[in-house]
Every structure is written in C-alpha cells, then in structure tokens.
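Worksheet for the structure shown next.
All values derive from a computational prediction rather than experimental measurement. The analysis underlying the following values was restricted to heavy atoms, covering all of them including side chains, and did not include hydrogens, waters or symmetry mates.
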Amino acid sequence: MEGVWGEHIRGVLEAQTRADLNRRFISVTEVRGPEIEVEGRPVLLFSSNDYLGYTQHPALKQAAREAAEVWGTGSGASRLISGNLALYQDLEDEVARFKHTEAALVFATGFMANLGLIASLVGPGDLILSDALNHASLIDACRLSRAETRVMPHADPDANAAELRKIEKGRRVLLLTDAVFSMDGDVAPLAELAELAGKHEALLVIDDAHGTGVLGRKGRGSLEHLGIDPAGIVQVGTFSKALGSLGGFVAGPGLIIELLRNRARTLFYSTALPPSVLAVNRRALALIDEEPQVRFSLHENVRLLRAGLKEVGLRLLPGPAAIVPVLIGEAGPAVALAGELLRSGLFCPAIRPPTVPPGRSRLRLAVMAVHTPDHIQRAVDLIASAARRLRVLE
Ligand SMILES: *Cc1c(COP(=O)(O)O)cnc(C)c1O
C-alpha cells in the first residue's frame, strides 16, 4: 500500500513496534481442557477466562446442538425486528433470578452491554466517577456517552465521597467500577460505594465480568461475596468467562432495563445472538447451581497455586478471584519470562504498560476448575525455573 494512507499506517505500526507494544495473535490449534496446542505444540493453559471449564462441558455442547437443530444457526435480525427468539425471555428471566434483580437484558457481548448501558443512562451534563483501573469497555462507554468523566484513584471510596460532597444538588452521578478488576484480581470496595450511592442519590454500576459464576457462596458474584443487597445496583456481567460461551447482560431495577430496551443502540442496531448461544447461556446458569463442587475445585486450585508460587518466593497481588497476578516489575523481564514460559510449555501472558502502571508489569495467571494438582505443580515449577534462568528470581 502506497500514498498518504500507506505512509500513515506504517508510521502507526512502527511506533507501536518501537514502544514494544506490537501485538501478535497466537494460533490455538487444539483444545483438550486446560491442555491445548499452540501452533502445533502442547502447552498448559493458564490464561483462559474459562474458569469453570464450561467451554468443554458435555451438557452445554448438547444444549448448543439441540438449539441449532430446533431453531437454526442464526437469529436472522435484530431483537427489535424478528430476531427476538423466545429463548431470550427464558434467558433473561434466568439471569434476573440468578442475580436476584427485578429484571435483566442480554446483549451480544459484555463490551456491548457496557456501551449500551452507559450511553443510555448518562449524557452531556451528567457526571461519571470512574475507577482508574476500569476495563477498556467502560472507558469507551464513558467516552461514547459524552458525560463528564472523572477518573478516581483505584478502589478509593474516600476519593469518591470527596467528589460527591462537592456536587451540586440534583446533578445525576454514576459511580462506575469493575467489581473484580481484570488485571489485579482485587474486588472493588462495593459496600462503601453502595452506601455512598445511597447517601448521595448516585447510581452504582458494577461490571462483574470476572466475579459472575466464581465468587459468592452460590456463584452469584461480587455482591454475594461481600454480602451486599443487589437492590438498586446495576450489574453488568458476561457469559463469555466463567459461563463458557458468549454474550453480555445487564441486571438491575426494572425501570433501568425498560430504559435500555428503548435506548441502548448496541442492543437493537446489531443482530440478535444465535439460538445455540442463548440456550447454552441459560443451561450454564443452571449448572452453576447444579454443580457447586466445580466452583469449590476452582477455589481449591487458586489456593494451591497461590501457596506454591509464594513458597518459591514470587510476589503475588492478593484477591479472592481466579486471577493470580505475579508481580515482576519492569516490562522487559516480564515479557521475556512469558516468552520463555510459552517455549517451555506454559501459556500465561505478561501484562505491561499501558495496561498496568510502569514498574508493575506482571504475569497474569488464570486458574481453572479443571486444572489438576499436577497441572498446578507443573505451572509453579516452570515459572520458578524460568524466573531463575532469567534472574527474575534469586
Ligand atoms: C471481559 C470483560 C468485559 C467484556 O466482556 P465480553 O463479553 O468479553 O465482551 C467487560 N468488562 C470486564 C471487566 C471484562 O473483564
């Protein structure tokens, strides 16, 4: 490609390479639970959000096959036209029951749920207080809404309280936070934020992509984990992580769901989900209740992995979720370590700036219920020996 566009695009890509931020897709050539093949070589998977192993669950494969057989492979139109298959109503009833909310609405992805939700709720003149470590989809949602957005220090209810005290009466404010932070694995101070929201008539919106199906005695997510009543709180979730498929949802007060049905452009200017996905998602929510032992195995695995990594002297960031960040420090060594691990058979990514602050680069391990104690021991051994070879660890 030549000319103005060719030059421009090559410039952008070269800048990306110079900053060591070039992205490359790795081709997964086979999947057998947490043992996968990458470009033809076997590796142990510690980078998937498929926390419960549900992408390979026989009951969910069965649900997908049956729905495709009965309803076909696609929905054919947006939900406002003829794509609103009855499977949606069943699924949304199930989401509301699962999350203990008045109502729920399903979107094509969690990303689209966030865009549709925030842009429907707020606009110019409104204010969003948004946690500094919020997911990219929330950041983009704030921009799309054109509301004034103030980025709050991470997990700092006092900073939110100080902002709220300054706000003139009657101004609409949204408190916006990941419930489980996707790179740090910590849980937001949701009780404090809910209290602030109540006191100042602000609306609390939480994105529980990594908590749903994982946290809480019954897998309901971060609110259950912290013992918080979901009434009045808007929860975003995804079917694409612990639930093993694809799709996003908003669960909360009926009035807000009704607003979204009327306003959320990502909901109705995009084609409805295929029947197989809707059926799988509904079945997956039921499985969370039917198979609590899968969630217990996940947490036992998290405990095992954390104990093993600590024992060899690595620094971990704390948190109750299935995300285990191993702090390395500089970006160079973190990237080198992840590369060395992939070559030696362990697939876990390095996370570096701008995704995390400078000096806080890390390996991000994601634990699955279907990891065996042997998988976990192998991961610890591989990380410890690679870290010693690269002198990241004494
Ligand atoms: C993954 C993720 C999303 C996006 O969900 P998808 O269903 O994959 O689009 C949104 N928010 C957070 C916090 C996430 O981790």
Show your working on side chain to side chain contact (heavy atoms under 4.5 Å, CB included) between I233 and I228 and close with a plain yes or no. CA-CA 10 Å; I233 299 175; I228 299 167; 4.0 Å; yes

Once rounded to the nearest 0.5 Å, what's the spacing between atom CG of L85 and atom CH2 of W71? 5.5 Å

ILVMFWY cluster membership beyond F25 - transitive side-chain contacts under 4.5 angstrom: none

Give a yes or no answer on whether the side chain of R150 reaches the backbone of E148 with a donor-acceptor pair at less than 3.5 Å. no

Is there a side chain to side chain contact (heavy atoms under 4.5 Å, CB included) between T101 and I257 once you walk through the steps? CA-CA 11 Å; T101 58; I257 299 304; over 6 Å; no

Could you work out, with ring-ring contact (aromatic ring centres under 6.0 Å, His included) as the rule, every residue matching F107, not counting sequence neighbours? none

R146, CZ: over 12 other non-hydrogen atoms inside 6.0 angstrom: no

For M1, the rest of its hydrophobic cluster, which grows through side-chain links under 4.5 angstrom: W5, I9, L13

Evaluate L91 against L273 for side chain to side chain contact (heavy atoms under 4.5 Å, CB included), listing each step before the verdict. CA-CA 12 Å; L91 177 58; L273 283 166; 5.8 Å; no

Would you say the side-chain atoms of H299 pair up with the backbone N or O of L215, donor to acceptor, closer than 3.5 Å? no

Polar side-chain atom of T177 near backbone of A179 as donor-acceptor pair, under 3.5 Å: no

Does R263 CZ have over 12 foreign heavy atoms under 6.0 Å away? no

Do you know which two heavy atoms are closest between A67 and P275, and how far apart they sit? CB-O, 3.7 Å

Any pair counted as salt bridge (charged side-chain N to carboxylate O under 4.0 Å, His left out), so long as it reaches residues 72-90, sequence neighbours left out: R79-E92, D90-R282

Pair D186, H154: side-chain N/O donor-acceptor within cut-off below 3.5 Å: yes

Quick check on the hydrophobic clustering: are I118 and V173 connected, directly or via other members, by side-chain heavy-atom contacts under 4.5 Å? no

What about L117 and L267, same hydrophobic cluster or not, with Ile/Leu/Val/Met/Phe/Trp/Tyr joined at side-chain heavy-atom distances under 4.5 Å? yes

Identify each donor-acceptor pair in which a side-chain atom of residues 190-207 lies under 3.5 Å from a protein atom, sequence neighbours left out, and give them as a table.
from : atom 1 : to   : atom 2 : distance (Å)
D207 : OD1    : A209 : N      : 3.1
D207 : OD2    : N114 : ND2    : 3.0

Before accepting this row, confirm whether a basic side-chain N of the pair R143/D140 lies closer than 4.0 Å to the acidic partner's carboxylate O. yes

Would you say that more than 12 heavy atoms from the other residues, nucleotides or ligands in this model lie under 6.0 Å from the CZ of R265, or not? no

Taking S270 for the side chain and T266 for the main chain, is one N or O donor matched with an acceptor at less than 3.5 Å? no

Looking only at heavy atoms, what is the nearest atom pair of S130 and T149, with distance? CB-CG2, 4.0 Å

Can you list everything that forms a side-chain contact (heavy atoms from CB on, under 4.5 Å) with N49? Sequence neighbours excluded, please. Y51, H210, K241, R364

For residues 119-127, please give each side-chain donor-acceptor pair under 3.5 Å, one per line with the distance, not counting sequence neighbours.
from : atom 1 : to   : atom 2 : distance (Å)
S120 : OG     : G116 : O      : 2.5
S120 : OG     : A264 : N      : 3.4
D126 : OD1    : R172 : NE     : 3.2
D126 : OD1    : R172 : NH2    : 3.1
D126 : OD2    : G123 : N      : 2.9

Looking at every heavy atom in both S361 and P353, which two are closest together, and how far apart are they? OG-CD, 3.3 Å

For the atom pair CG (L223) and NE2 (H100), what is the distance rounded to the nearest 0.5 Å? 10.5 Å

Can you check whether A155's main-chain N or O pairs, donor with acceptor, with D131's side chain at less than 3.5 Å? yes

Report the distance from atom CD1 of I81 to atom OG of S75, rounding to the nearest 0.5 Å. 11.5 Å

Pairs flagged by salt bridge (charged side-chain N to carboxylate O under 4.0 Å, His left out) wherever residues 309-337 is involved - sequence neighbours left out: none

Nearest heavy atoms of C142 and S145, plus distance in Å: O-OG, 2.7 Å

Is a side-chain donor or acceptor of S344 paired with a backbone partner of L341 at a separation under 3.5 angstrom? yes

Is the side chain of D50 donor-acceptor paired with the backbone N or O of Y54 at a distance under 3.5 Å, no angle test? yes

Go through the structure and list residues passing side-chain contact (heavy atoms from CB on, under 4.5 Å) with T372, not counting sequence neighbours. D374, H375

Ion pair check, E94 and R283, cut-off under 4.0 Å: no

Can you tell me how far the OG atom of S245 sits from the NE2 atom of H57, to the nearest 0.5 Å? 13.5 Å

How long is the gap from CG on L260 to CG on L255, to the nearest 0.5 Å? 10.0 Å

Count I, L, V, M, F, W, Y as connected when their side-chain heavy atoms are under 4.5 Å apart, and connections chain through other members. Are M112 and L144 then in the same cluster? no

Rounded at 0.5 Å granularity, tell me how far CG in N281 sits from CG in L243. 7.0 Å

Whether N134 side chain and I139 backbone form a donor-acceptor pair below 3.5 Å: no

All pairs passing salt bridge (charged side-chain N to carboxylate O under 4.0 Å, His left out) where residues 214-230 contributes a residue, at least two apart: R220-D289

Minimum heavy-atom separation for P349 and S47, please, with both atom names. CD-CB, 3.5 Å

Side-chain donor or acceptor of D178 paired with backbone N/O of H135 under 3.5 Å: yes

Sequence neighbours excluded and cut-off under 3.5 Å, please list the side-chain donor-acceptor pairs for residues 37-46, or say none.
from : atom 1 : to   : atom 2 : distance (Å)
E39  : OE2    : S27  : N      : 3.3
R41  : NH1    : R343 : O      : 3.4

Is it the case that over 12 heavy atoms from other parts of the model lie below 6.0 angstrom from the CD atom of E2? no

Hydrophobic cluster mates of L327, side-chain heavy atoms under 4.5 angstrom, ILVMFWY only, any path? L317

Connected via hydrophobic side-chain network under 4.5 Å: V367 and M183: no

Is there a path of hydrophobic side-chain contacts, each under 4.5 Å between heavy atoms of I/L/V/M/F/W/Y residues, joining F249 to V180? yes

Donor-acceptor pair, side chain of Y269 and main chain of S78, under 3.5 angstrom: no

If you draw a 6.0 Å radius around CZ in R32, do more than 12 non-hydrogen atoms from other residues or ligands fall strictly inside? yes

Specify the closest pair of heavy atoms between L363 and I328, including all atoms of both residues, with the distance to one decimal. N-CG1, 4.1 Å

